[in-house]
A.B. asks: 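Input: one structure, supplied below.
Letters A, B, ... mirror the listed sequences (proteins, then strands); counts begin at 1. Computed from a prediction, not measured in an experiment: that's the story for all the values here.
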2 protein chains.
Amino acid sequence: MSKKSPSPKSERILDVAEELFALHGYDGVTLRQIANGAGVDVALASYHFGKKLDLFNAVFQRRAGKLNESRLSALRACQKNAGDQGPTVEQIIEAFLRPLEIAQETGDQGWTNYLALIAYINNSPYWGQKMMSKLFDKLVLEFIEALRQALPGASDENLYWCYHNLSGALTLTLAQTGRIDKLSGGKCRSSDFEAAYNHMIPFTAAGFRVVCGATGPH
Amino acid sequence: MSKKSPSPKSERILDVAEELFALHGYDGVTLRQIANGAGVDVALASYHFGKKLDLFNAVFQRRAGKLNESRLSALRACQKNAGDQGPTVEQIIEAFLRPLEIAQETGDQGWTNYLALIAYINNSPYWGQKMMSKLFDKLVLEFIEALRQALPGASDENLYWCYHNLSGALTLTLAQTGRIDKLSGGKCRSSDFEAAYNHMIPFTAAGFRVVCGATGPH
DNA sequence: TTGAAAATTCAACGCTTGTTGAATATGCTG
DNA sequence: CAGCATATTCAACAAGCGTTGAATTTTCAA
């Protein structure tokens, strides 16, 4: 079980599990809710994926490869296009964020749910460290190295804390809690990823520059 | 029931519930785990607080007043100390963050757990909007107005998106997932709130300035 | 068309859940 | 000490949980 499952109903199970896990977390969802949402008997999830935790991992892993690929190719592209002094901080952060927006704009609601699931996991003291590291640390470290080159002389400590701030801003965006909608009286919308990134990129780039001590103009 | 409960065991129930809810979320904790951790029968939680959801709300509300008070007085203090042109962006953000650090440094582990619970709720698509708004929106809007005065000409949209980025960075810090510890190879520690804020303040202040268009020197 | 393999459902299990009413212990006031 | 209110435990409930083995349907190559 759980090697590859291209069956139509098993894919549907993953879709519904993705949506519900993102909304209520691992413990807030029952296999019966998932099966019911997928129009399927409860035993089918176990047949395809094993235990509940295996299903959770399967959902989390399903889109990770695609996501890492598109982010990495965005980084490589901006590195190619940049001159011999490498890409700017803004360009690197843009390569880190824009693929997420594109994932949303495909109209595939599944991607939006998946990103909300990442937000849930990344912010969880229980799941956060282990699950995120395994799938995303390699890529993140590559981005941090690119940022280090764009910020000569930056210390490790400053670099990692700055990434932490970027990661936090991104995580809250992906969670789509709707809080900014209410706070701003509707002027900002949680679902508007484009607006979120249009503000997040200059915001975080400025933070990196100040904290990591950009001395001269780039 | 649930009017006021200064009984020693009911306070212990709140403490344990606080810790477990912060770690595993609402659905990831059973009343029996809480009762067991508090050294108490399972029925006692219902006797003091009613339904499970009522207990959850009681935990969430318990420290909210103190937290809002200390943040507000920090804001008022920096407004007094500032000249007639008002406090700087850095000073306002500092007033927003430092009370959280002090809450941690009292050595009371309960405060750290409570802040992690806030992180869980604030990042949850299900709980986030309703629960956070009721207790914290009034204070947050006061800080945003102070920031508006420090950033003349800033648009609502820019202001709210910038606060969103600040809130995200803070939320991930409060969650204490330990991810930055692993990512940085131990150079940064999730438990080190002071280091987190020392980096977060200049980082986010720079973001506010750039996005909200600081034209002249302040 | 047949038959094996994969996919799906059916039925049930032992266990845990939140909740509640009654019984008991504790603390306090007169 | 009596007596009452509060605090706490005991015992049990109906419902829902994840999981599993057997039965049934579907798929598809020979």
Side-chain angles (χ1 to χ4, degrees), chain A residues 1-62 117 120-121 124 126-127 130-131, chain B residues 1-62 117 120-121 124 126-127 130-131:
Chain A
M1 61 182 103
S2 97
K3 255 190 181 176
K4 54 177 180 179
S5 316
S7 139
K9 299 212 176 187
S10 80
E11 211 72 24
R12 182 97 185 94
I13 290 174
L14 289 173
D15 289 340
V16 175
E18 189 173 55
E19 180 184 347
L20 294 180
F21 281 142
L23 185 56
H24 294 106
Y26 177 77
D27 298 291
V29 180
T30 74
L31 291 176
R32 283 173 172 82
Q33 287 176 292
I34 295 171
N36 200 46
V40 146
D41 187 87
V42 64
L44 192 58
S46 302
Y47 170 75
H48 279 300
F49 305 102
K51 314 279 189 191
K52 183 185 181 184
L53 187 55
D54 297 325
L55 171 60
F56 189 62
N57 280 311
V59 170
F60 186 52
Q61 284 181 230
R62 178 168 58 149
L117 179 64
Y120 160 74
I121 291 173
S124 159
Y126 184 75
W127 304 106
K130 277 177 290 189
M131 291 190 68
Chain B
M1 59 182 106
S2 97
K3 254 190 182 177
K4 53 178 180 179
S5 317
S7 140
K9 299 213 175 187
S10 81
E11 211 72 22
R12 182 98 184 94
I13 290 173
L14 289 174
D15 289 340
V16 175
E18 188 173 56
E19 179 183 347
L20 294 179
F21 282 143
L23 184 57
H24 293 106
Y26 177 77
D27 297 290
V29 180
T30 74
L31 292 175
R32 282 173 173 82
Q33 286 176 291
I34 295 171
N36 200 46
V40 146
D41 186 87
V42 64
L44 193 58
S46 303
Y47 169 76
H48 278 300
F49 305 101
K51 314 278 187 191
K52 182 184 181 186
L53 187 56
D54 297 324
L55 171 60
F56 189 61
N57 281 310
V59 171
F60 187 52
Q61 284 180 222
R62 178 169 57 149
L117 179 63
Y120 160 73
I121 290 174
S124 159
Y126 184 75
W127 305 106
K130 276 176 290 190
M131 292 189 68

A.B. asks: Distance check needed: dT20(C) C1' versus Phe49(B) CZ, whole Å only.
C.D. replies: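 Answer to the nearest Å: 18 Å.
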A.B. asks: Mind calculating the distance between CZ (Arg12(B)) and P (dT8(D)) to the nearest angstrom?
C.D. replies: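 It is 13 Å, rounded to the nearest whole Å.
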A.B. asks: Check the distance between dT19(C)'s P and Asp41(B)'s CG and give it to me in whole angstrom.
C.D. replies: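 After rounding, the reported distance stands at 15 Å.
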A.B. asks: Reading DNA chain C from 5' onward, which residue's closest nucleotide shows up sooner: Val29(B) or Leu44(A)?
C.D. replies: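 The 5'-side residue here is Leu44(A).
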A.B. asks: Quick check on DNA chain D: between Leu31(A) and Val40(B), whose nearest nucleotide comes earlier from the 5' end?
C.D. replies: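 First, find each residue's nearest nucleotide; the 5'-ward one identifies Val40(B).
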A.B. asks: In whole Å, what is the span from the CZ atom of Arg32(A) to the P atom of dG16(D)?
C.D. replies: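 Interatomic distance, CZ of Arg32(A) to P of dG16(D): 10 Å.
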A.B. asks: What are the two closest heavy atoms between Leu23(B) and Tyr126(A), and how far apart are they?
C.D. replies: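 Nearest pair, atom of Leu23(B) first, then Tyr126(A): O-CB, 3.6 Å.
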A.B. asks: Just N and O in the side chain of Tyr47(B): are any of them under 4.0 Å from OP1 or OP2 of dA7(D)?
C.D. replies: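 So the side chain of Tyr47(B) is within the cut-off, an N or O lying under 4.0 Å from OP1 or OP2 of dA7(D).
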A.B. asks: Can you tell me how far P of dT27(D) sits from NZ of Lys9(A), to the nearest Å?
C.D. replies: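 Result: 10 Å.
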A.B. asks: Whole angstroms only, please: what is the CG-P distance between Asn36(B) and dC10(D)?
C.D. replies: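 Roughly 13 Å, once rounded to whole Å.
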A.B. asks: Report yes if at least one side-chain N or O of Lys51(B) is closer than 4.0 Å to OP1 or OP2 of dT20(C); otherwise report no.
C.D. replies: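 True: Lys51(B) side-chain N/O within range (under 4.0 Å) of dT20(C) OP1/OP2.
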A.B. asks: Could you walk me through whether Lys52(B) and Asp27(B) pass the salt bridge (charged side-chain N to carboxylate O under 4.0 Å, His left out) check?
C.D. replies: CA-CA 10 Å; Lys52(B) 182 184 181 186; Asp27(B) 297 290; 5.2 Å; no
A.B. asks: Rounding to an integer number of Å, can you tell me how far Asp27(B) CG sits from dG18(D) P?
C.D. replies: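 Interatomic distance, CG of Asp27(B) to P of dG18(D): 11 Å.
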A.B. asks: Among dT9(C), dG18(C), dT19(D), which nucleotide has an atom closest to any side-chain atom of Lys52(A)?
C.D. replies: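 Nearest listed nucleotide: dT19(D).
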A.B. asks: To the nearest Å, give me how far apart CG (Leu55(B)) and C1' (dG18(C)) are.
C.D. replies: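 So the CG-C1' distance, Leu55(B) to dG18(C), works out to 12 Å.
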A.B. asks: Check the phosphate of dC17(D) against Thr30(A), side-chain N and O only, distance under 4.0 Å to OP1 or OP2. Yes or no?
C.D. replies: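 For dC17(D), OP1/OP2 do have a side-chain N/O of Thr30(A) under 4.0 Å.
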A.B. asks: For a quick test of reading the model: is some side-chain N or O of His48(A) closer than 4.0 Å to OP1 or OP2 of dT8(C)?
C.D. replies: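 Yes, such a contact exists.
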A.B. asks: Has the side chain of Tyr26(B) got a donor or acceptor atom that lies under 3.5 Å from a matching backbone atom of Leu53(B)?
C.D. replies: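 Yes, the answer is positive, given that a donor and an acceptor are paired below the 3.5 Å cut-off.
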A.B. asks: Examine Phe56(B) together with Phe21(B) and report whether their ring centres are nearer than 6.0 Å.
C.D. replies: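 When the ring centroids of Phe56(B) and Phe21(B) are compared, they turn out to be within the sub-6.0 Å range.
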A.B. asks: Mind listing the closest non-hydrogen atom pair of Phe49(B) and Ala58(B) along with its distance?
C.D. replies: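 Phe49(B) and Ala58(B) have their closest heavy atoms at CD2-CB, 3.9 Å.
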